[in-house]
Amino acid sequence: MTTFRSDFLRTLTERGFVHQISDPEGLDKLFATETVTAYIGFDPTAPSLHAGGLIQIMMLHWLQATGHRPVSLMGGGTGMVGDPSFKEEARKLMTVETIEDNIASIKKVFANYLTYGDAPTGAMMINNAEWLRGLNYLEFLRDVGRHFSVNRMLSFDSVKMRLDREQSLSFLEFNYMILQAYDFVELSQRYGVRLQMGGSDQWGNIVNGIDLGHRMGTPQLYALTSPLLTTASGAKMGKSLSGAVWLNADLLGPYEFWQYWRNTEDADVSRFLKLYTTLPMDEIARLSALGGAEINEVKKILATEVTAMLHGRAAAEAAAETARKTFEEGGLSADLPTVEVPTAELEAGIGVLSVFAEKTGLVASNGEARRQIKSGGLKVNDAVVTDDKAVISPRDLTAEGVVKLSFGKKKHVLLKPV
């Protein structure tokens with residue numbers, strides 16, 4: 001492994017962020033001698049990023065923490081095309097209004113990880129619509145398009161995968177890599193950006209930008225990619241049984257976010273402490289050496305530290321306390337996820353299968369609810385459900401005016417009449 005002089009590359013390497021670097025020695029020298037401006041692009045395909053994107057945000061965090069300037073690039077222009085890299089089919093096209101709404105929503109998360117401002121290391125948030133939406137097509141083809149070899153573009157794995165599939169690669173999507181390369185050049189010329197970072201699936205797109213910059217007279221540009229992460233069991237990061245692990249609190253509350261990290265597989269704990277927290281490496285080494293029952297305490301530390309960065313320390317500690325009350329004391333906490341139902345509906349009685357499957361989504365279907373009841377996996381107010389024809393009604397309301405529904409030991413929802 002290369003030993004880097006610069007704090008940034010040394011930090012990223014020891015914490016497990018580095019997959020490939022285009023010119024390790026050159027980039028290390030740049031970081032050791034200058035304040036480097038670097039960017040990562042985020043396409044606004046939804047109103048929130050999910051936990052799978054946290055590794056990229058953490059790379060920008062460490063960039064700033066080691067004395068450099070991060071740029072979070074919002075894809076207001078490229079989002080109109082959609083990145084086809086390693087996608088099995090085309091993304092659905094979004095209206096400009098949807099893109100703008102998504103960007104406004106996504107922006108809320110970044111301030112928890114980066115300090116924006118005019119200081120030499122102050123983070124910048126830039127929208128590529130600034131230069132992409134006003135492009136003159138003929139001028140762009142002549143000035144930029146002429147530098148791209150279709151033969152070479154067809155050789156990229158991200159493109160070849162789609163060429164071999166039934167869902168063909170549209171000309172619109174084929175343009176995406178040209179637009180991303182052009183972003184790199186524009187950012188270099190406008191803001192002095194020297195490095196683009198991203199997941200390993202972006203390597204070809206980033207190298208395209210380096211080549212285009214060379215042809216269009218920019219200073220030497222660089223690429224750095226992170227490994228594409230899966231959990232130890234092969235699951236995709238940022239996905240849970242109940243869906244995406246969103247970063248925006250209005251889509252996923254601090255308690256559910258904390259629970260996602262608390263449920264980390266044993267084999268992933270050390271790696272996730274390095275990637276997703278700012279705990280010092282010696283402390284991570286100490287925690288990683290713990291085993292047996294103590295691993296569960298380490299998972300709670302992981303969950304609390306990751307949640308504190310996103311939602312604040314107070315919300316993270318409240319989530320940890322909610323979990324402690326719920327799991328260790330069998331208690332009831334108002335901070336548990338809550339699903340509201342009309343009072344009249346509860347008074348009429350709601351079938352227990354419907355409550356667990358349709359109303360709360362604790363299980364995927366009525367059939368799954370029935371199977372869990374047979375194995376004793378579902379509880380109402382901490383009492384095991386034994387009858388799949390049981391009905392939830394006002395008599396099940398606790399003193400707090402809610403019904404506590406549980407699937408196993410870790411998934412709980414409060415049903416509240418309104």
Side-chain angles (χ1 to χ4, degrees), residues 20 22 39-46 49 52-53 56 71-96 98-100 102-103 106 126-189 193 195-216 218 221 223-226 228:
Q20 275 180 291
S22 57
Y39 89 99
I40 297 177
F42 299 88
D43 269 346
T45 54
L49 301 174
Q56 312 302 334
V71 173
S72 44
L73 181 71
M74 298 290 107
T78 43
M80 298 179 71
V81 176
D83 184 0
S85 298
F86 297 98
K87 298 290 181 293
E88 293 187 5
E89 56 186 29
R91 293 185 186 275
K92 289 183 171 59
L93 293 183
M94 297 180 291
T95 64
V96 171
T98 298
I99 290 170
E100 295 300 334
N102 286 351
I103 288 174
I106 287 170
I126 298 166
N127 188 337
N128 63 17
E130 188 181 313
W131 54 83
L132 290 182
R133 285 191 192 161
L135 281 177
N136 178 302
Y137 186 59
L138 289 178
E139 286 180 6
F140 183 72
L141 282 179
R142 187 187 61 201
D143 298 340
V144 178
R146 65 191 175 91
H147 295 303
F148 286 83
S149 159
V150 171
N151 299 44
R152 185 162 179 269
M153 291 163 77
L154 289 172
S155 72
F156 289 130
D157 289 340
S158 57
V159 173
K160 283 197 291 189
M161 189 186 94
R162 278 285 292 283
L163 293 177
D164 295 336
R165 289 182 180 271
E166 199 174 306
Q167 172 69 253
S168 60
L169 183 73
S170 72
F171 179 69
L172 178 73
E173 293 174 284
F174 195 56
N175 274 270
Y176 185 93
M177 63 179 77
I178 300 177
L179 296 177
Q180 185 172 333
Y182 184 63
D183 279 349
F184 202 173
V185 172
E186 282 285 339
L187 286 166
S188 175
Q189 292 174 342
V193 169
L195 167 67
Q196 182 182 170
M197 301 186 290
S200 59
D201 60 335
Q202 293 299 314
W203 180 257
N205 289 341
I206 298 174
V207 169
N208 261 339
I210 294 173
D211 291 346
L212 181 63
H214 180 69
R215 293 168 190 273
M216 295 184 72
T218 67
L221 304 179
L224 189 158
T225 59
S226 60
L228 285 185

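For the single chain, residues carry numbers from 1 onward in sequence order. A quick note: this is a predicted structure, and the numbers were derived from the prediction, not measured.
Looking at heavy atoms from C-beta onward, Asp183 lies out of side-chain contact with Gln196 at the 4.5 angstrom threshold. Side chains of Asn205 and Phe184 form no contact here, defined as non-hydrogen atoms less than 4.5 Å apart.
Between Asp43 and Gly79, the shortest heavy-atom distance links the atoms OD1-N, 3.9 Å. Heavy atoms only, all atoms of each residue included: Trp203 and Ala223 are closest at CZ3-CB, 3.8 Å. Across all non-hydrogen atoms, the minimal contact from Ala181 to Phe148 is CB-CZ, 3.7 Å. The shortest non-hydrogen separation linking Asn127 to Gly75 is OD1-C, 4.3 Å. Closest non-hydrogen pair, Leu73 versus Tyr39, comes out as CD2-CE1, 3.6 Å. The minimum heavy-atom distance between Gln56 and Ser226, with the atom names listed, is NE2-OG, 3.3 Å.
Looking only at atom types and distance, the side chain of Gln189 has no donor-acceptor partner in the side chain of Thr218 under 3.5 Å away.
Panel note: side chain Asn128, backbone Gly77; a donor-acceptor pair is recorded below 3.5 Å. Arg142 places no side-chain N or O within donor-acceptor distance of the main-chain N or O of Leu138, the cut-off being under 3.5 Å. Looking only at distances, a side-chain donor or acceptor of Arg133 sits under 3.5 Å from a matching main-chain atom of Gly76.
Rounded to the nearest 0.5 Å, atoms CD1 (Ile210) and CG (Leu221) are 6.5 Å apart. With rounding to the nearest 0.5 angstrom, the CD atom of Glu186 is 11.0 Å from the CD1 atom of Ile126. Taking CD of Gln20 as the start and CD of Gln202 as the end, the distance is 12.5 Å to the nearest 0.5 Å. Distance CG/Leu228 to CG/Asp201: 4.5 Å, rounded to 0.5 Å.
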(message) Determine whether Trp131 and Leu187 satisfy the following criterion, side chain to side chain contact (heavy atoms under 4.5 Å, CB included), listing intermediate values before the conclusion.
(response) CA-CA 10 Å; Trp131 54 83; Leu187 286 166; 3.6 Å; yes
(request) Let me see the working for Gln180 and Ile206 under side chain to side chain contact (heavy atoms under 4.5 Å, CB included), right down to the final yes or no. (result) CA-CA 8 Å; Gln180 185 172 333; Ile206 298 174; 4.1 Å; yes
(message) Met94 vs Asn102, test: side chain to side chain contact (heavy atoms under 4.5 Å, CB included). Steps then yes/no.
(response) CA-CA 10 Å; Met94 297 180 291; Asn102 286 351; 3.8 Å; yes
(message) Determine whether Leu179 and Phe140 satisfy the following criterion, side chain to side chain contact (heavy atoms under 4.5 Å, CB included), listing intermediate values before the conclusion.
(response) CA-CA 10 Å; Leu179 296 177; Phe140 183 72; 4.0 Å; yes
